[in-house]
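All heavy atoms count here, side chains included; hydrogens, waters and symmetry mates do not.
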Amino acid sequence: MRLDKLVSNMGFGSRKEVKGLLKKGAIQVNGVPVKDPALHVHPEQDEVSILGERIIYREFIYLMMHKPQGVISATEDNRDRTVIDLLDDEYRHFEPFPVGRLDRDTEGLLLLTNNGKLAHELLSPKKEVPKTYYAHIEGVVGQEDIERFAEGVTLEDGYFTKPGMLKILKSAPISEIELTITEGKFHQVKRMFEAVGKKVIYLKRMTMGELTLDESLALGEYRELTDDELALLL
């Protein structure tokens, strides 16, 4: 990889700014000052430092976010704030994107990464990656709903969903439930409950595959995945 690209990718300025650092002799490769921006280095083998501080190169980042309501799952938008707008510059320069989407009014677990291959694996319908949601439902949810969801339900557009595992936490005029599904159709959880005559009034994603939301994260907060969490995904 070109030296100026490596340094720029790690958040130390634009290519132009990196060239300025090179001219000043501020960048060293294996202990030797270098001024050639086109010098090719091996990120895993060569030691690159700026003003004596070693750069630890990494290609991919993996972030867990507790997505708040009112923010959309996109990289950019002309009207609304996006989940990328919540990130600090040290992560934004990696150009991460949300893996899948949560509706604007839905909270909970959102994975952001710049690893396109992993994102494809997690979103592929063939993989049937399970996702668990916690929800408040307007209407009494009962055993009949559990059975219907277990068989799959027909949405308003005629699509017949794959089976969902419904767990009732509280059966009341405002019920509380957990629902695990392996699909990600547009507004799917809301549409599944509409298919049985009920309405979702609060929705939060708790898990995606083996990844579970860190409840210590406040709404809008995020952190890098631990090595153990990353191993579960990979």
Original post:
Are any side-chain N or O atoms of Thr113 and backbone N or O atoms of Ile61, one a donor and one an acceptor, separated by less than 3.5 Å?
Top reply: yes
**OP:** Verify, without hydrogens or angle tests, whether Asp88 (side chain) and Glu90 (backbone) share a donor-acceptor contact under 3.5 angstrom.
**Re:**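 Pair absent, no side-chain N/O of Asp88 close to backbone of Glu90.
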I'd like to know whether [atom1] of [X] has more than 12 heavy-atom contacts from other residues, nucleotides or ligands below 6.0 angstrom.
X	atom1	answer
Glu53	CD	no
Arg81	CZ	no
Lys5	NZ	no
Glu144	CD	no
Lys162	NZ	yes
Asp157	CG	yes
Glu95	CD	no

State whether [X] and [Y] are salt-bridged, where the test is any N-O pair (Lys NZ or Arg NE/NH1/NH2 against Asp/Glu carboxylate O) under 4.0 Å.
X	Y	result
Glu138	Lys198	no
Glu224	Arg58	yes
Asp4	Lys19	no
Arg191	Glu156	yes

Is any side-chain heavy atom of [X] less than 4.5 Å from a side-chain heavy atom of [Y]?
X	Y	value
Ile27	Val48	yes
Arg104	Asp80	yes
Leu122	Met208	yes

Subject >> Residues His40, Met1; criterion side-chain contact (heavy atoms from CB on, under 4.5 Å); working and verdict >> reply: CA-CA 5 Å; His40 275 70; Met1 181 183 297; 5.8 Å; no
Original post:
Stepwise, does the side-chain contact (heavy atoms from CB on, under 4.5 Å) test hold for Glu107 with Lys67?
Top reply: CA-CA 5 Å; Glu107 300 175 359; Lys67 178 194 170 297; 5.9 Å; no
Joint cluster assignment, [X] & [Y], ILVMFWY side-chain distance < 4.5 Å:
X	Y	answer
Leu219	Tyr133	no
Ile72	Val83	no
Leu166	Val189	yes

Original post:
For the residue pair Tyr134 and Tyr202, does the interplanar ring angle fall in the parallel (under 30°), tilted (30 to 60°) or perpendicular (over 60°) class?
Top reply: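 Answer is perpendicular, since the angle exceeds 60°.
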**OP:** If the plane angle is over 60° it's perpendicular, under 30° parallel, otherwise tilted; pick one for Tyr91 and Tyr222.
**Re:**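 Because their plane-to-plane angle is over 60°, the rings of Tyr91 and Tyr222 count as perpendicular.
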**OP:** State, to 0.1 Å, how close Glu229 and Thr226 come at their nearest heavy-atom pair, and which atoms those are.
**Re:**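 Heavy atoms only, the tightest pair is OE1-N, 2.9 Å.
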Original post:
Taking all atoms of both residues into account, what is the closest heavy-atom pair of Leu110 and Pro98, and its distance?
Top reply: CD2-CB, 4.0 Å
Original post:
Quick one: is the NZ or CZ of Lys185 closer than 6.0 Å to the six-membered ring centre of Tyr159, and within 45° of its axis?
Top reply: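 Satisfied, under 6.0 Å and within 45°.
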**OP:** Determine the sole option in Leu109, Leu217, Leu87 for which the side-chain contact (heavy atoms from CB on, under 4.5 Å) test with Met65 is passed.
**Re:**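 That would be Leu87.
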Subject >> side-chain hydrogen bond (donor to acceptor under 3.5 Å, both in side chains) between His66 and Asp214, intermediate numbers included >> reply: CA-CA 8 Å; His66 190 171; Asp214 182 347; over 6 Å; no
**OP:** Give the intermediate values and the outcome of side-chain hydrogen bond (donor to acceptor under 3.5 Å, both in side chains) for residues Thr180 and Thr132.
**Re:** CA-CA 4 Å; Thr180 300; Thr132 299; 2.7 Å; yes
